[in-house]
Structures are given as C-alpha cells and as structure tokens.
Visitor: 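Let me give you the structure first, and then I'll get to my questions.
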2 protein chains.
Amino acid sequence: MQTPTLRDVADAAGVHPATASRALNPATRGLVNAETARRVIKVAESLGYRPNPIARGLKTAKSGTVGLVIPDLTNPLFPPIVRGIEDVLEPAGYSGLIVNTDNDPHRERQQIESLRSRQVEGLIVATALLDHPLLGQLRREGVLMVMVNRRPESVDVPSITPDDATGIELAVRHLVELGHRRIAHLAGPLNTSTGLVRARAFRSAVRDLGLEDDPALVAHCDYWSEDAGAAALRALLDSGTEFTAVVAGNDLIALGCYDVFAERDIDCPRDVSVVGFNDMPFLDKLRPPLTTVSVPHQQIGGEAARLLLDAIADPTRPSRSVLLPLTLVVRGSTAPPR
Amino acid sequence: MQTPTLRDVADAAGVHPATASRALNPATRGLVNAETARRVIKVAESLGYRPNPIARGLKTAKSGTVGLVIPDLTNPLFPPIVRGIEDVLEPAGYSGLIVNTDNDPHRERQQIESLRSRQVEGLIVATALLDHPLLGQLRREGVLMVMVNRRPESVDVPSITPDDATGIELAVRHLVELGHRRIAHLAGPLNTSTGLVRARAFRSAVRDLGLEDDPALVAHCDYWSEDAGAAALRALLDSGTEFTAVVAGNDLIALGCYDVFAERDIDCPRDVSVVGFNDMPFLDKLRPPLTTVSVPHQQIGGEAARLLLDAIADPTRPSRSVLLPLTLVVRGSTAPPR
DNA sequence: CCCGCTGCTGCAATCGACTGCACAATCCGC
DNA sequence: GCGGATTGTGCAGTCGATTGCAGCAGCGGG
C-alpha cells in the first residue's frame, strides 16, 4: 500500500469512511462525536494520511489550482509577482499553474484553454494586451479572474495595478525640483495599457507642474525593450529637440538610454538625467545607479491572489480593484541640469 | 450543462461511454471501429469536449503534474530554468507546480509533502543542500526525481549539472592568458555542492596552469550573496595577500566585489580583474560589464524536464546524468594586470 | 410507557473517466 | 453449414473522497 486512503484510516479507527471523512474535514467535524473525531484524527496522523486532492476534486468540482498567465517568466518583472502570488495561495491550500504566452495571442488562447481543461478555479492574468476579445468571452463563460498590472477598459474585472499616474508624477516632480525644465518621455508601446497610462500621466504631470507640454518631447517605443528604448532616444537626439532629462517608460527603456549614452559619449547624469520605472533587481549596480520608480511587485502578486481567493469563496461578491502606491528611489542617474 | 462529459459525447454519438473513451484515447483507439472512432471524435469536437484530467487522474493515478522545488523564484538564476522546464513539459501534456523553499529544510519538507499529496508524478529539485537525508528517503519511497545544478554524492539520482569544473578552468585560463599570476578565489559556501566543486576546480586549474597554489588566495563566503562576497573580498584585502584578479564563486559574489571597489576606490579592471559565474541578466549593463562564465540555464531546465519525463515513461530505465558545457563571456571586468 | 427529538453514524450513490471481462456479430476455413 | 477465431461494443466495477438520507440509540416530556 503506497499511501493510506481514507478507508484505511476508517478501518484502523474502527469507523465508517464517511465518518472518517467528516471527522477530518473541519467544516463537517461538528457532525461527529468529539471523542470519535479526535480518535480518527489521531489515527490519520499516525498513518501519515494525506487526503487525495484528485479524488476530492472529482466530487467537489474543485481542483485547488489557479492559473497564472504571464508573458514570460524570464522577464524580471514577473518572478516577484509570481512569488507574491504563491505565498498567498499556498497557505490557502491552493497552488498556481504558470503558463508563458510570449505575448502571442494564439499561444495565449491555447494556454488558457489548457488551463481551463485542467480545471483551474480561476485565472490571474498578467499579460498586457489591451482590449482582448478573449477577455469578454471568458467573463461571459463565468471564468473567475483577476488582472495584474492592467485595468481592463471595457470589462468589469477585478484588477491590481500600480498607481502608474502617481508614479510618473513622482518622477517628473523629482526632476523639476532638481531644476529641469525640458523633460522628455520615452513612452512604452501605446497599445499596452501601462504604456498609454504612463504617457498620459506624463503629459498631465508636466502641465500640472507648470512646464510646457511640448509634443516633440515624447518619443514612442515599439516594445518594452532596451533596443526600442535606445532607438527612441537616438531619434529624439537626432531630432534636435532640447532636453536635460528623460523619464523612461520602464527600466528596460532606461537601460537602452545607457547604451546610447555610451555610444555618443553623453555623461549621465551631468548632461542628461534619467528616471526608470519598476525598480528591477540590480539597477543599483549600474554606473550610474538608476533612479527609478519602485513598484511593490510581490505585494501586487499577493493582493491579486487574495482577490482571486475571495472571488472563489464568493463569486457573487462585487469585483473590487486595487491601486497600489509607488515610491521613487533616488539613485545616481539624476542630478541638476548643467 | 457547464462542460460536456464523456457521457454526453457518447450519447450524442449513439455509443456507450466506454466506446467513446476508447475512441478518444489514441492508445486504445485501435480497439474500436475506425468509422465509429471518427464519428465519436467528430462529435467530441463539435461539443467542445475536454476530458476532465481530475477524473482521469483518479483512475489512472496520474496527475499530469510534476513538482519543481526551488529555493526562491526571485533569484534570477531560476526563472530561465523554470522556463526551460515548462517549455518541455507543456507539449508533453504536463505542467509544473512550483514551490519555494527559501532554503529552509523544514519548509522544504513541508512543501515536498504538499507536492506529493497533490499526486505529482515526479520532482525536479533545484535546491542546493548537500547530503540531505530527505533525498534518500524519497528515493526509497520510489519518488521519481531529477536534480538540477547539483550532483548528489551518495545517492543514485539523475541530474543535470553545468560543467562547473571546466567553467572555472575557462575563467582561470582566461586570466592567465591576460598575464595574471596571483589569482584569488571567492568561494561560495562549501556546504553547497556547487561551492565545493568550484573551489576544488579552482585549485586544480591553478595548479594545472603552473601557478602557485597558495591557500591564502582563497576566501570563503558564507552565502551566495553580494554582502557575503563583499565581506570576503574585504577580508582578503585586509589580509595583505597580493593578487591581481579574482574568480568569484558566482555573479552575486562578483557584485559584492563591485561594492568594495567603489568603497575603497579600486579601479576595475585596471587594479583588479573579476570574473563571475552564471551570466545573470543585465551584467552587461554594469560598469565595467562583468566578464563571466555563462550557464545555459534554460537548456538545463529543458534537459531536466526531459529526463524526468523519460523516468516517468519508464521508471526502470537506469538513471542518466548530464553535464552541460559552459562558455566564457568576456566583457569589461578583466584586463591585463598593471 | 410511549412518542418524538437530538446527536451520531452508516449506507449507498455520486463525481467522470478507465478497463477487464463477457457477449454479440462477423468472417474464415474446412 | 458449422466450429472457432477475430473484431467491436456494452456492462459494470473501480479509483478516493464527499454527502443526502436513513437508521439507531438515548433521552426527556407528556
């Protein structure tokens, strides 16, 4: 006998499996004599009994798993989020099934399909595609889900997002306080909600702080990548527009700036200041260490998991959304303009 | 009716559920009339039938999941490994359940216990503890597993490990070719197999290349961390031992060196050269960019998953182990000595 | 002294898919 | 045209845990 079953426990305790089941389940324990329950529990322990979640899941139609849909675990953004999720899921007796979509809508469909056939009880979605028809469909089919890092525009889905707008404002304000007046923005892809939100926030922050809102000062990146960031900065430089500071759409784009600085012999922060976004690991090891907006990724993951567990516990509960506050981490890449 | 069951398909196709089951399962399809099979399959498709893996698992005692035991997903070493694993698991119809142990043996036990109760079919273990009694116990209990990044000493378990010894030799040889003669080693914790193997490999590489094997040149770090690396380098520096280059046990330890360089105004690579190990992301963004030994993490993960799947398919097959070749990535942190 | 209630426990069905066995239909050779 | 081999299909039990319902004992009240 590999691992003892409920029946083994019941036999050893001299009761019916049904009684053993009730004794072992805290929710139904009240139905059984306290003395009997104690005995059953004791026997279960001594036998090293572990309920088989597969069998349990068959009857209860619950799998104890949730799906985590992310673009790519290799992107340093996601591990802390996943970790935060797992840390909340685990004590609740749940676990997460991770799939990587590589931002390929087709793959995404497939992966979600595969998760559903694995009977996940809900989905935590961190992919960044905007206005996805799949989203509405899943909603209609009653699939529970929580979005991370993006707030769906049309559909009513609970979400956990960093307060991007305030984060950008933090960055701009910091630069203004240092004395910068011509601040550029290297925006992320505008077909992603974060890219869009941050770009908008940038322009309104600039206006709010009494600076000129010059459209020539914002350049767009096609991807959230170093290369795209470098390309955008080069274009901006070549356009002849004057600026003394850059707010990058995220840290990778900021890293692209570093490449251009090296390439064109620009001294950061003496010639140009840069602020990133996300606070990826090891940014403090760069020369100069990157000033950036810090996002509490692990906390975001934790909140997302909590929201999903709530939804599982009571699917009728109205969907709640959370906006998490951000902080600015000032390091060496920002200084007063010359 | 939420999702159609096998019975629904069978009814719609006018056959018995048993027949439908056989028709749908490629392994047993031969038992049923080709025409009937075709019809059943067609009906299944049109109904959008998805076999319920929970029910299937109950009968077949297979869950389609494997457990991934890692210390901490947040450590940049692991995401690529996990990604490599998932990429192999997924097409095979398996998926991975990740648990983080934080290198806490107690937590590790618990987590593995929890994975087992979830009926995982095997374990991929990437935790670095040496000589773990748990290991032998699991073996005896017939739990299939594969180790990543470490080769168990006593027990016969398949493993995938980078060829650390050759990697270290690559690093030392590179430094020697640059003209270094006094090369130090900041070894990782010696109670981890990688720490031990690399430290040994360092000394034998030094000897093989005709350098003096001075014990004063190797310092030990208590952890694989920046702080530990910095502390070890400080101790070495304070001891007055002369050296012009450092081979760090891994990249984090090398990063610790950077901190000390900044602190003591040491110019890398002019005063001291440094080589890391692992090639974490973004090392090329450091000043100076870190020369390091590159480990094919994703490939390691993939191989590990393949090994485990093999073992699942045929548990009697003798356990195989793989040593993956490494390469040296020369960047800016190494130069000829002054 | 009997009825009815409460508190426990057991019985048996159920979840959905798989599978050994039996049986029916078909086909072949002699 | 008959016996035996060969397919193809159905029946029913199984995996392990859960749960509605029934039954039983004990107890108090009328």
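This is a predicted model, so every value here is computed, not measured. Order of the sequence lines sets the chain letters (A, B, ...), proteins ahead of strands, with each chain counted from 1.
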Visitor: D:dG16 phosphate, OP1 or OP2: any side-chain N/O from A:T5 under 4.0 angstrom?
Guide: no

Visitor: So does A:R7 get a side-chain nitrogen or oxygen closer than 4.0 Å to the phosphate oxygens (OP1/OP2) of D:dG16?
Guide: no

Visitor: Closest to the B:V15 side chain: D:dG10, C:dA17, D:dC21?
Guide: D:dG10

Visitor: Name the residue from A:N103, A:T127, A:T101 that meets the side chain to side chain donor-acceptor pair (under 3.5 Å) definition with A:E108.
Guide: A:T127

Visitor: Would you kindly check whether a donor in the side chain of A:R22 faces an acceptor in the base of C:dG10, or vice versa, at under 3.5 angstrom?
Guide: yes

Visitor: Start with the C-alpha distance between B:M145 and B:L138, add both sets of side-chain angles, then the distance that settles side chain to side chain contact (heavy atoms under 4.5 Å, CB included), and finish with yes or no.
Guide: CA-CA 9 Å; B:M145 59 187 168; B:L138 290 172; 3.8 Å; yes

Visitor: D:dT18, C:dT19, C:dG10: which one has an atom nearest the side-chain heavy atoms of A:T60?
Guide: D:dT18

Visitor: Among side-chain atoms of B:S321 and B:S159, is any donor-acceptor pair under 3.5 angstrom?
Guide: yes

Visitor: Checking all strands, does B:I54 fall into the base, sugar-phosphate, or nothing category for heavy-atom contacts under 4.0 angstrom?
Guide: nothing

Visitor: Does A:T19 put a side-chain nitrogen or oxygen below 4.0 Å from OP1 or OP2 of C:dG10?
Guide: yes

Visitor: Identify which nucleotide among D:dA17, C:dT9, C:dC21 has an atom closest to any side-chain atom of A:V32, counting heavy atoms from C-beta outward.
Guide: C:dT9

Visitor: Can you check side-chain hydrogen bond (donor to acceptor under 3.5 Å, both in side chains) on A:E141 and A:Q137, steps first, answer last?
Guide: CA-CA 6 Å; A:E141 293 179 13; A:Q137 183 195 330; 3.0 Å; yes

Visitor: When the nearest nucleotide of DNA chain C is assigned to B:A18 and to B:A55 on a heavy-atom basis, which residue is associated with the more 5' position?
Guide: B:A55

Visitor: Any side-chain N or O of A:T36 less than 4.0 Å from the OP1 or OP2 oxygen of C:dT9?
Guide: yes

Visitor: Of the candidate nucleotides C:dC18, D:dG16, C:dC8, which contains the atom at the shortest distance from the side chain of A:N33?
Guide: C:dC8

Visitor: Expressed as a whole number of angstroms, how long is the span from A:K62:NZ to D:dG16:C1'?
Guide: 19 Å

Visitor: Look at the side chain of A:L6 and decide which nucleotide, out of D:dG10, D:dT18, C:dC11, has an atom nearest to it.
Guide: D:dT18

Visitor: Could you check which of C:dT19, C:dA12, C:dA17 has an atom nearest any side-chain atom of A:H16?
Guide: C:dA12

Visitor: Nearest to the side chain of A:Y49, which nucleotide is it out of D:dA17, D:dG13, D:dG10?
Guide: D:dA17

Visitor: Quick one: which of C:dC15, C:dA17, C:dG10 gets closest to the side chain of A:L58?
Guide: C:dC15

Visitor: Is any side-chain heavy atom of A:D87 less than 4.5 Å from a side-chain heavy atom of A:I85?
Guide: no

Visitor: B:S21 side chain N/O closer than 4.0 Å to the phosphate oxygens (OP1, OP2) of C:dA17?
Guide: no

